[in-house]
Number of protein chains: 2
Amino acid sequence: MYVRCHGCPLRTKPAFHDKTQDEIAVIDQMKSDHLRVSAGTEFIHPEQTDAELYTLFSGWAFRYKELADGRRQILNFSLPGDLIGMQAALLDKSLYGAVALTDAELCVVPRRRLFKLFEHAPGAAYELTWLGAREEALVDENLLTAGRRNAMERVAAMVAALYKRAEQLDLVQDGVMDFPLTQQHIADALGLSLVHTNKTLARLRAQGMFRIADGKLALLNPRAVARLAQYFEKEPARRPII
Amino acid sequence: MYVRCHGCPLRTKPAFHDKTQDEIAVIDQMKSDHLRVSAGTEFIHPEQTDAELYTLFSGWAFRYKELADGRRQILNFSLPGDLIGMQAALLDKSLYGAVALTDAELCVVPRRRLFKLFEHAPGAAYELTWLGAREEALVDENLLTAGRRNAMERVAAMVAALYKRAEQLDLVQDGVMDFPLTQQHIADALGLSLVHTNKTLARLRAQGMFRIADGKLALLNPRAVARLAQYFEKEPARRPII
DNA sequence: GCTTAGGTATGTGTTTTGACATAGCGCGAT
DNA sequence: ATCGCGCTATGTCAAAACACATACCTAAGC
């Protein structure tokens, strides 16, 4: 059940850099646990002071913040290979929550070992920082979306971005990928109301650019979606994985 | 004109951790330049592939992204001591621009030296990563603002957050701080139109919670502002500075 | 002194988004 | 089997935000 980094099936995906056996050994040593959580589990809590650092091994997750009156903003979605919890692990306490969207597996790097990692494995530390910077880039893009795109564009931007990320992980087949978000998740990620999200999806559906149904997303016209969203960013060809 | 880290007047502010002479020497070695730029200078360009890493030494700056049709979203504002350009320095190319809002001074850490820093100064590398995580936290909060707060709340949240940051840097006197943003900047940061921002400011002004005028912000009723914005986050008492 | 440009202010009408209500569907629990 | 719940769908109306037009003020440049 416990997955050692040496045989990790994730790191051989085309999305990720190759690593030497030594590098992998370092990371394997840092890893303290391999966690299985079921859909809906909140594995980092807002205000939590002892959150660990995680790499999502399988499944989907998201980070969120909320206001005192319950309004919730999803900050970003995590796919396999993504780091979750840099802020939570480094800062005094977590300023957000993190929840598994599907059943998921998490590789755990204890926050206590983080500084050691910087001392003894500068390469891994650099990659950690790199991944942190990438996560910020995702949030930046989401902020652009929430701040400056209208409802139709927001949905299109989200579809385009998630599709591109899934593609890199070999999660797309014949233009179709798993898509475990409810409309409430979409609304919370895009800064829209649930009802308006539903109506926006209906309008987009009528235009036939993509289809979301039964937990699947089929991207029918990537060009049109990218154009509508004015979303043209490329993911780096290969990235680290810790 | 060139400021050596040893005598840096910024790092002695109460907002920052103390450093040993050795630590300071390491950073001083990393620093390659001390740049002066005038208000409006864009010192990191979107798509730029060779952006350096900066610490803002004096003045204000902001990072932004824009859509092809010109809509602009300001991602966050930087105050003295803040790091700017982690993403730009680490990733292949910059996904955002960075502009000086006022005349400003920048300490430059060349991107080429970054990996060396990780190899030879794990403490400094850790702090760099910490600062990157903090910047992401700022963007997270801005995303919550743009996505889930209404116009009045957005302005209040921005005022509360910037005031709190300025306070930590001794930039507040008698409840008044420099505030070099135009209404267009506020609009672009909050995801509002210029006109609506102006009207929202007028409504808030009528309520007397704060006053923005002549490049100054006077916070008259911090409690009311925090309550309206539902903004209660605390900055960590002390943080690193590179 | 005049002009221009950037910034702020405000009225009017339109568009977008949200709120509320209601309904249907599928699925798991009792 | 049926009840309740989560999720999706859709109509109607209200509120929030935007677009456009115009005006005023100040400071910089000629």
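Only this structure's heavy atoms are used, side chains among them; waters, hydrogens and symmetry mates stay out.
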Point to revise | Minimum-distance nucleotide to L192(B) side chain [options: dT10(C), dC18(D), dT10(D)] | key: dC18(D)
Check your understanding: Do the side-chain N and O atoms of E105(B) and S58(B) include a donor-acceptor pair separated by under 3.5 angstrom?
Key -> yes
**Study point:** Residue-phosphate contact under 4.0 Å: Q183(A) side-chain N/O, dA9(D) OP1/OP2
**Key:** yes
Review point. What string of B, S and - do you get for nucleotides 11-16 of chain D 5' to 3' if you count protein non-hydrogen atoms under 4.0 Å?
Key: BB----
Practice item. Report the nucleotide, chosen from dT10(D), dG7(C), dT10(C), that has the shortest atom-to-atom distance to any side-chain atom of A202(A). Key: dT10(D)
Review point. If only atom types and distance count, is the side chain of R111(B) paired as donor or acceptor with the main-chain N or O of T49(B) below 3.5 Å?
Key: yes
Check your understanding: Looking at E141(A) and K65(B), does any basic side-chain N land under 4.0 Å from a carboxylate oxygen?
Key -> yes
Review point. Do any N or O atoms from the side chain of T102(A) and from the backbone of W60(A) form a donor-acceptor pair under 3.5 angstrom?
Key: yes
Check your understanding: So what does G40(B) hit on the nucleic acid, given a heavy-atom distance under 4.0 Å: a base, only sugar-phosphate, or nothing?
Key -> nothing
Check your understanding: Any side-chain N or O of N198(A) under 4.0 Å from OP1/OP2 of dT8(D)?
Key -> no
Exercise for review: Note the angle between the end axes of the helix from dG1(C)-dC30(D) to dT30(C)-dA1(D), five pairs defining each, rounded to 10 degrees.
Suggested key: 30°
Practice item. Measure from the side-chain N and O atoms of R148(B) to the backbone N and O of R71(A), and report whether any donor-acceptor pair falls under 3.5 Å. Key: no
Practice item. Evaluate the criterion ring-ring contact (aromatic ring centres under 6.0 Å, His included) for residue pair Y64(B) and Y96(B); output intermediate values, then yes/no. Key: CA-CA 6 Å; Y64(B) 74 95; Y96(B) 55 83; 8.5 Å; no
Review point. Is it the case that Q230(B) and R149(B) place a side-chain donor and acceptor less than 3.5 Å from each other?
Key: no
Practice item. Remember a base hit wins even if backbone is also touched, and classify R205(B) as base, sugar-phosphate or nothing at under 4.0 Å, heavy atoms. Key: sugar-phosphate
Check your understanding: Mapping L194(A) and G147(A) onto DNA chain D by nearest heavy atom, which one lands closer to the 5' end?
Key -> L194(A)
Review point. When we call it a touch if two heavy atoms are under 4.0 Å apart, what does L201(A) touch: a base, just sugar-phosphate, or nothing?
Key: nothing
**Study point:** Qualifying side-chain hydrogen bond (donor to acceptor under 3.5 Å, both in side chains) pairs with a residue from residues 191-209 of chain A, counting only residues at least two apart or across chains
**Key:** Q183(A)-N198(A)
